[in-house]
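A short worksheet on the structure shown next.
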Number of protein chains: 2
Amino acid sequence: MTSRKGSLMGVRDDIKVLDATIRDGGLCNNFEFTDEFVTELYKINIKCGVDYMEFGYKASKNMFRESDFGKWKFCNEDHIRAIVGDNISDMKIAVMADVGRCDFKTDFLPKSESVIDMVRVACYIHQIPAAIEMIEYLHNLGYETTCNIMAISQANLDQVEQALEMITASSVDVMYLVDSFGSLYPENASELAKIYLTAAEKTGKKVGFHAHNNQNLAFANTIETMSYGVSYLDATAQGMGRGAGNCPMELLLGFLKNPKYNLYNLLLFIENYMLPLKEQGVSWGYDLQYMFTGQLNCHPREAIDFTAKKRTDYSEFYKYLLENY
Amino acid sequence: MTSRKGSLMGVRDDIKVLDATIRDGGLCNNFEFTDEFVTELYKINIKCGVDYMEFGYKASKNMFRESDFGKWKFCNEDHIRAIVGDNISDMKIAVMADVGRCDFKTDFLPKSESVIDMVRVACYIHQIPAAIEMIEYLHNLGYETTCNIMAISQANLDQVEQALEMITASSVDVMYLVDSFGSLYPENASELAKIYLTAAEKTGKKVGFHAHNNQNLAFANTIETMSYGVSYLDATAQGMGRGAGNCPMELLLGFLKNPKYNLYNLLLFIENYMLPLKEQGVSWGYDLQYMFTGQLNCHPREAIDFTAKKRTDYSEFYKYLLENY
């Protein structure tokens, strides 16, 4: 279990790359992407060999008003189909549903009627039973499912082991290690991954990794955990995602040796669609305020606020965090 | 040799942090730092617990005109003393001298007359005999010495092993692994580090790591190689250094658990001195053009030119590199 799988030179056929730009990136712009942006990203992802594209959340319309957000917070079937038609491609379509913040019993069609392939169930470690209820329901509808346990850097090892015992007994296909706070280092991310992988291998499940870049380690943690057997890898164009963002897709595609993955097309998308987003003031990416919350293993919400206010008094903010976390 | 040394929770007393801001950062602004900047950095480094501060190069005045560069390309004794006096601190003073681009037989005083503690001899792997000649000369003058083998990602394993055999037989104190092109991943950086460490441990020498951030891996590679026993760690304020820059000191100080290292004071320096540098247009740091040269394992000179021209046609530049490297 502790050895590296494959080599830096070769191809690992078990690898699946998931583009989460619209979903995690949507947290930076209230999910207000133009249809043109999403359509182009869909086409580019196919050209780049991306295996899954996540379109957004299936958020509860009882809890969140549709008029307050872009459409990708809700991922209505007809909105996805307006982009992908029947998705005549090898790339699969994913959406995310948060435990306690979705209406999964009413908002999902049977898979046979939906263009969605995979539902990623996001939860905190104290919500595993609720996650499993959702997973079984969605699995029975015919979807691939994942269980994305967020903020794993705050869980203790006992909790992780119990959670994995419960999840591996479920119908879930993929168990995700989610470093929500960007607090893990390659060394402890790999140790956690090995625990997931040991549980997964016994039960025929796969393991995924979702990184945040608070300490500039999103790409490093992704390829390090991958080297021990993690196979579902989340990334986003230019790392677009909440706060410090995620693993940049361009770094990941440039690293993977499978010739199905192609970097060039993504560069065209970055030039034509990502640079304008940044120019419009949509903000994400590594900076000191996110480094602090990563180092302190806490939620980035105050760092996001610091960024929004265009503050640069880093030392004051750091002092504040030290006193309050 | 393959096991991790120490843990993420503990202190490794063998660790030495070296600030290379003026030296590698000087490559971004022609070494034209104000005396105030260098004086403040010197004071802040002492407060932060930094072990060595590198002031710049000892470049040949026959090859380079003094009037063409800031003074830290030459590091005259009196210029250093104007900042540090007799350096009444626990922090040591380092300078770098490039093989073939310095006049080491005329430009170094005996250590007893100099405020410099350590000379870092930088060379390519085909220059080891010349490096050793310099090391022996400088060692005999009384200096600590390092051998910094640059562009190690382009050397083959036979060359590395022969080079290490030659260097370990010399009087050098520290052998540095230098990822000049930011091309190494944590996995192969660690494998290389283990080869250095095996050679070093037999002969009582230490191993250092100098990272570049082309693939956003400078910090990751620094702490990963450290975890296997590398003990001399180069970093710079905000990662300031040629092209994509180096390992950011703030990430490293925030990571190290030894209470002698202090992050807060560095934040004050960043606010007061580094942010203004960036505002003046001094440029460094991770971007796609540097990622390409890192992925292709080539010198960043064309990426630096791309940056200087404020180009954003990444896809064209990538195509050009693919055709020419």
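Each chain gets a letter, A, B and so on, in the order its sequence line appears, and its residues count up from 1.
Heavy-atom pairs under 4.5 Å with chain B peak, among A/Asn216, A/Asn188, A/Leu275, A/Ile270, at A/Asn216. Heavy-atom pairs under 4.5 Å with chain B were tallied for A/Tyr286, A/Phe255, A/Phe292; the largest tally goes to A/Phe255. Contact tally against chain A (heavy-atom pairs below 4.5 Å) for B/Ser315, B/Pro186, B/Ala220, B/Pro248: the top residue is B/Ser315. Across A/Leu8, A/Leu217, A/Leu268, the residue that shares the most heavy-atom pairs under 4.5 angstrom with chain B is A/Leu8.
With a 4.5 angstrom heavy-atom cutoff, A/Leu288 touches chain B only via side-chain atoms. For a residue to count as touching a neighbouring chain, one of its non-hydrogen atoms must lie under 4.5 Å from one of that chain's; by this rule B/Leu322 does not touch chain A. With a threshold of 4.5 angstrom between heavy atoms, B/Gln295 approaches chain A through side-chain atoms but not through N, CA, C or O. Residue B/Leu296: no heavy atom, backbone or side chain, is found under 4.5 Å from chain A. Both the backbone and the side chain of B/Leu251 come within contact range of chain A, each with at least one heavy atom under 4.5 Å from a heavy atom of that chain. For B/Asn213, the part lying near chain A is the side chain, with the backbone staying farther off; criterion is any non-hydrogen pair under 4.5 Å.
Taking the charged nitrogens against the carboxylate oxygens, A/Arg301 and A/Asp305 have no contact shorter than 4.0 Å, which rules out a salt bridge. Remark: B/Arg4 engages B/Glu224 in a salt bridge, criterion side-chain N to carboxylate O under 4.0 Å.
Put simply, the side chain of A/Asp24 reaches to within 4.5 Å of the side chain of A/His210, judged on heavy atoms.
Cation-pi geometry between B/Lys16 and B/Tyr232 is not satisfied (NZ or CZ under 6.0 Å from the ring centre, within 45° of the ring normal).
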